[in-house]
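The block underneath contains the structure these notes are about, expressed in structure tokens.
In each ligand, atom 1 is the first atom listed, and ligand 1 is the first ligand listed. Bear in mind the structure is a predicted one, so any value in this text is a computation, not a measurement. Atom set for the values below is all heavy atoms of this structure, side chains included, hydrogens, waters and symmetry mates excluded.
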Amino acid sequence: MTLVARHGALTDIGLHRKTNEDTFVVQPPLYAICDGMGGANAGEVASGIAAETLAAEVARGTPLHAAAEAANAAVYQRAQGHRGESGMGTTLTALLLEGDAARFAHIGDSRIYLLRGDELRQISDDHSLVGEMVRDGHLTVEEAAVHPHRSILSRALGTEAQAQIDEFGLDLLPGDVLLLCSDGLSGPVSADEILAALTRDDPQEAAELLIQEARRRGGPDNITAVVVRLDEAPDAAAAPADEAEVTEIVRPASGGVEADTSELPFVVDAAAADEGVEADEVDAADALAALRTDEDGTPAAADPLSRGDHHRRSLRRHGIVAAVLAVLAIAAAAAVFFLSTVFFVGVHDGRLAIYSGVPERVGPVPLHAVYRRSVVTYDSLTPTARTLVDERKLRDREGALELSRMLGMSP
Ligand code: CA
């Protein structure tokens, strides 16, 4: 049997982002999407380099998995050489049609769905911390879908010299529809809506419908859909799958708008991250400033004074000292209160711990204390998880507990 492929593809900036960091490749029989991440414009750079490298390698006959590894090397090397792009990365989800079979290379939290008959299945794993928790049985799919840290990736392309890229295949049947999409689509749009859109005969119409649906649901992130529909060739002499000769690598222009300055390389969905943690963040410097006010002495009058003057000055000085002490007492109380409301995840004797307070010291005095210890060693963490610990970000108690659970510390 010979299958013919028809495709539709579209990307959209969404309603809340200033740039579109998604890129797609339509170069039949290769189709791919990359969802970039990183501070400033680095996400766009990463997804663009990955897409171009992948397309060029496949075009010159490199096997799909090796082409994806070349894309990893290209992004990684670029990040090493450019300040401001270090830590950038991207998802990469690629489909290569080979006769009546599909090959996939996949890393990150973009998704591949297969519609076969009336059943829709996600056939890729999400390489995200919540995706791993679902696979380990610690979280339901429903809980993962609304989890505040759902955008933190456990694997990405370009962030390390060697990437762990999934590779798998699928025998295709006539009527199969494949969807590659970024999390800006799979997040807001339900499986039922995806299924309904993919039943459209025209793949471009299906892609447009999916983008519309994601926008209708708030469009919190960049949205990309590549839809490939496989049908039986009209007769045996028909041309092989999707014989369009065009290569399309769509890197949407960001219009020169000031980019997102978030420097968290693994948080691709700033809006989602905001919900959980950042609202509770406070600047440690402010807390330290409040504590340091006690280093300020009251100015001593150096002039020789008459006894009366001296008495009046002395009374006034006592008043000033009392006022300063009162202010200091309030500041100290506020600082102590503040320190009791903030937490961070750090390392104690090589093992993960939740600390109460801020990760600073005033002279020899630490402004934090161990709140909870765990048996999980720092060395046992993945590089991604380590960056979450290394940043020692201030969180509220719930936020710190949640992160500690994600890192495998006891619940
Ligand atoms: Ca995204």
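The side chain to side chain donor-acceptor pair (under 3.5 Å) pairs that include a residue from residues 164-176 are R116-D176, H127-D166, R155-D166, where partners are two or more places apart or lie in different chains.
In summary, D221 places an N/O/S atom under 3.0 Å from the Ca ion (ligand 1), meeting the contact criterion.
Counting just the N/O/S atoms of D35, the one with the shortest distance to the Ca ion (ligand 1) is named OD2. Counting just the N/O/S atoms of D183, the one with the shortest distance to the Ca ion (ligand 1) is named OD1.
For the 3.5 Å distance criterion, the side chains of S110 and T91 qualify, holding a donor opposite an acceptor. A donor-acceptor contact closer than 3.5 angstrom is absent between the side chains of R392 and Y355.
Residues satisfying the side chain to side chain contact (heavy atoms under 4.5 Å, CB included) criterion with A68, sequence neighbours excluded, are L54, L92, A105, I165.
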